[in-house]
There are 2 protein chains.
Amino acid sequence: MLTDGHASVLRLINQFGPLSRTELVRQLGISKASMSALASDLIDRGVLAEGEMVYGAGRPSVRLELSANSAFFIGVSLATVPFTLTLTDLRGGVLSTAELTQGATPEAIVEEIAAAIPGLFDGHPQALDRLAGIGLAVPGVVDAATGTCVRSTLLDWRDVPIGDLVAAATGLPAYVENDANALALGQHLFGSLRGCDQGTMIAVGDGIGCGHIINGELHRGARGGAGEIAHATVDPSGLPCQCGKRGCLDTLASVRSIAAAARAAGLDCGLAALDAAANRGERAAIDILHGAGAALGLAIAQIVQSLDPERMVIGMTDGPVTGLFARVVRQTVEANVMPDDHRRLDLTITRLENQAWAIGAASIAAGRGFFRV
Amino acid sequence: MLTDGHASVLRLINQFGPLSRTELVRQLGISKASMSALASDLIDRGVLAEGEMVYGAGRPSVRLELSANSAFFIGVSLATVPFTLTLTDLRGGVLSTAELTQGATPEAIVEEIAAAIPGLFDGHPQALDRLAGIGLAVPGVVDAATGTCVRSTLLDWRDVPIGDLVAAATGLPAYVENDANALALGQHLFGSLRGCDQGTMIAVGDGIGCGHIINGELHRGARGGAGEIAHATVDPSGLPCQCGKRGCLDTLASVRSIAAAARAAGLDCGLAALDAAANRGERAAIDILHGAGAALGLAIAQIVQSLDPERMVIGMTDGPVTGLFARVVRQTVEANVMPDDHRRLDLTITRLENQAWAIGAASIAAGRGFFRV
DNA sequence: GCCCTTGGTTCGAAGAGCAAACTAACCAGC
DNA sequence: GCTGGTTAGTTTGCTCTTCGAACCAAGGGC
């Protein structure tokens, strides 16, 4: 098994790209001797490989890089429609993907997952015997320690030991995480939060999800409920939400609620069409996008004030990432965080592909097995 | 010096009270051999002592307890008026306190601190040669790693290396922390957040402060700005705030702003008087307390949704902790967190003595030197 | 008084980490 | 092309931590 020392080397190389032993020594504050042993050990296991040589004064240094082909992971997203599977390597590269016909019961879903796995290896036979684990992203509250989904409204689950079920059906170590958390971890390891130890990922799609990376680790909260900003109250006198409250962020800024507002105003309900209408100066479209963007921006500003993240990434599954909505989000954030701080917050608004959820799910397995995140 | 192993033993005993070696072995997952060595080492150093014996089947076990007199700490609060000093022991007990005449410059303040220290030891000579450090609670943004106050509006400071100054003047290891963070750590180690690894402390006084304990550690954020909920926007169209924005929590729920609202309505501005007036049914008083409580409750609900803490403590420097304000806070929190979760959040509203800030400051020194928090 | 149970210590082995000495590989300057 | 300077990485021997297993300690119950 990998020790903590091994894992910290892998984390660093994953963050910064190939590094020489000496650079690792400086970063980790360990001795050259220990580093030498760790490196040869990781090379022997095939996890690291010697790559580019860097010439300067003195003996050239050898960059150590992650061998993408040393380990593979399967990610299962139950957060997307349809459910998706991916096969990824140690560097987060996607080898293949599959989609599931959406089963109704946990047992049916597990069966479908097991049935879909062999197909992932078509053309990638080398991945089969280096498959290290399977990660699941589940929409709902999850007990990551036991691999149980405590509650999922979307799936209509309650206390489903999905991790054990998948492990039993596939014979693989199975890891379970909340969908937004999986996404955040995926971005932390392989995406736009890479190298950021204090970061927040917000996914704006049909619903709104949020995961926090704190001190380089996923923050799950006392009972796995951290990041549930979709049901943070933004406007106490707002529209009723399916959660029972009023004016939740979800009723104001999710793609679903924006579309509903557009439909009610007699507009085309796609985000891109709405943005185009706003660009043409249509008042109703502008109002809708403005309201939604301001609500999200306010919620984000509150997170910034409370957590002081280094970077924040908003991933949008729909709509232009430079449109009115995104502009209003940015402006609202800047207007609502303490003047001295906002200049230093790195706020990125980007497109979120469906695949990102499954990559996030796979990254959980990679994180537990290799990077210790 | 203490190793991590030593510190985790001390943390556990501080959390749960006296524990036997075997109980510690179970909790820490280390071997009996290691535990035996750690315990005798800590006893030799005088930090632990054998206490009560517990009889059951087999050989009775010996509880190990913290020797309160093995280490002492000075806490300096620059967050209170006047500035206060305390001398505390390893168990957070207060031996003596002092107040400072509020100097104007950092140098003057440091001089006063150094001058006030000898008086703390009157009647406690044993503490002098076991003085382990001095902690400072500073209102403002702090770089805890370097002991620098980056910015403090209240003190009118910018980049003041207060830690170095105090260390030089006193010859003691000096540790600096934001005031709300110090308070939170103090409560985590010795107060109402004891034993809670996911907790939030909110101080409602003239201003509003907030500190988060995440994974048993203080969460400082990317640049020491975490917990700044005083300037989280609650009502975008609210009153202007001295920070430049509008409708900050500070303008709605701080004792200062409640008093201002009361004054404007021609009411007695003390919180207790206001509460009494509300109890008599005076509309204006009810409105003021309701508005303030709802604002704080909303901000708290957002923290709960985002961080999912296990416990949350609101410390009030003024007013009754069971009055209308407190009731509205509770109700608003319960109404604005996801239905399933609020039942499990442990929300405590308690009185916050002035001394708590200085104890918090001292706990920083204790945390760095002994408990590794 | 003798077993049984549980608490705690001692001992030898294994392993992780280190400093310091060593080898390796290149450049620059003569 | 030789040599000294410089940086990269390995080897060696030591320390320190941690562990399992055997052992001693100190009760209770019969």
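Labels below follow one simple rule: chain letters A, B, ... track the order of the sequence lines, proteins then strands, and each chain is numbered from 1. In this text the structure is predicted, and so the values were computed from the model without any measurement.
- Residues satisfying the side chain to side chain contact (heavy atoms under 4.5 Å, CB included) criterion with B:V373, sequence neighbours excluded, are B:R11, B:L185, B:H188, B:L189, B:F371.
- Remark: B:I364 CD1 to B:Y175 OH distance equals 11.0 Å, nearest 0.5 Å.
- For B:T146, the side chain to side chain contact (heavy atoms under 4.5 Å, CB included) partners are B:D143, B:T148, not counting sequence neighbours.
- Separating the CD1 atom of B:I30 from the C1' atom of D:dG20 is a distance of 14 Å, rounded to the nearest angstrom.
- For DNA chain C, the outermost nucleotides in 5' to 3' order that have an atom under 4.0 Å from a heavy atom of chain A are C:dG17 to C:dC27.
- Protein atom OH of B:Y55 is 17 Å distant from nucleotide atom C1' of D:dG29, rounded to whole Å.
- For B:D4, the salt bridge (charged side-chain N to carboxylate O under 4.0 Å, His left out) partners two or more places apart in sequence, or in a different chain, are B:R372.
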Using a 4.0 Å heavy-atom cut-off to protein, can you give one letter per nucleotide of nucleotides 3-9 of chain D, 5' to 3': B if the base is in contact, S if only the sugar-phosphate is, - if neither? ---BBBB

Side-chain donor-acceptor distances from residues 56-64 of chain A under 3.5 Å, at least two apart:
{"residue": "A:R63", "atom": "NH1", "partner": "A:E52", "partner atom": "OE1", "Å": "3.2"}

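- For the side chain to side chain contact (heavy atoms under 4.5 Å, CB included) test, residues two or more places apart in sequence or in another chain that qualify with B:Q126 are B:N69, B:F72, B:L95, B:H124.
- Applying the ring-ring contact (aromatic ring centres under 6.0 Å, His included) criterion to A:F370, with sequence neighbours excluded, gives A:F73.
- Remark: B:R130 pairs with no residue by the side chain to side chain donor-acceptor pair (under 3.5 Å) rule, at least two apart or across chains.
- Backbone-only contact: A:G56 has heavy atoms under 4.0 Å from sugar-phosphate atoms and none from a base.
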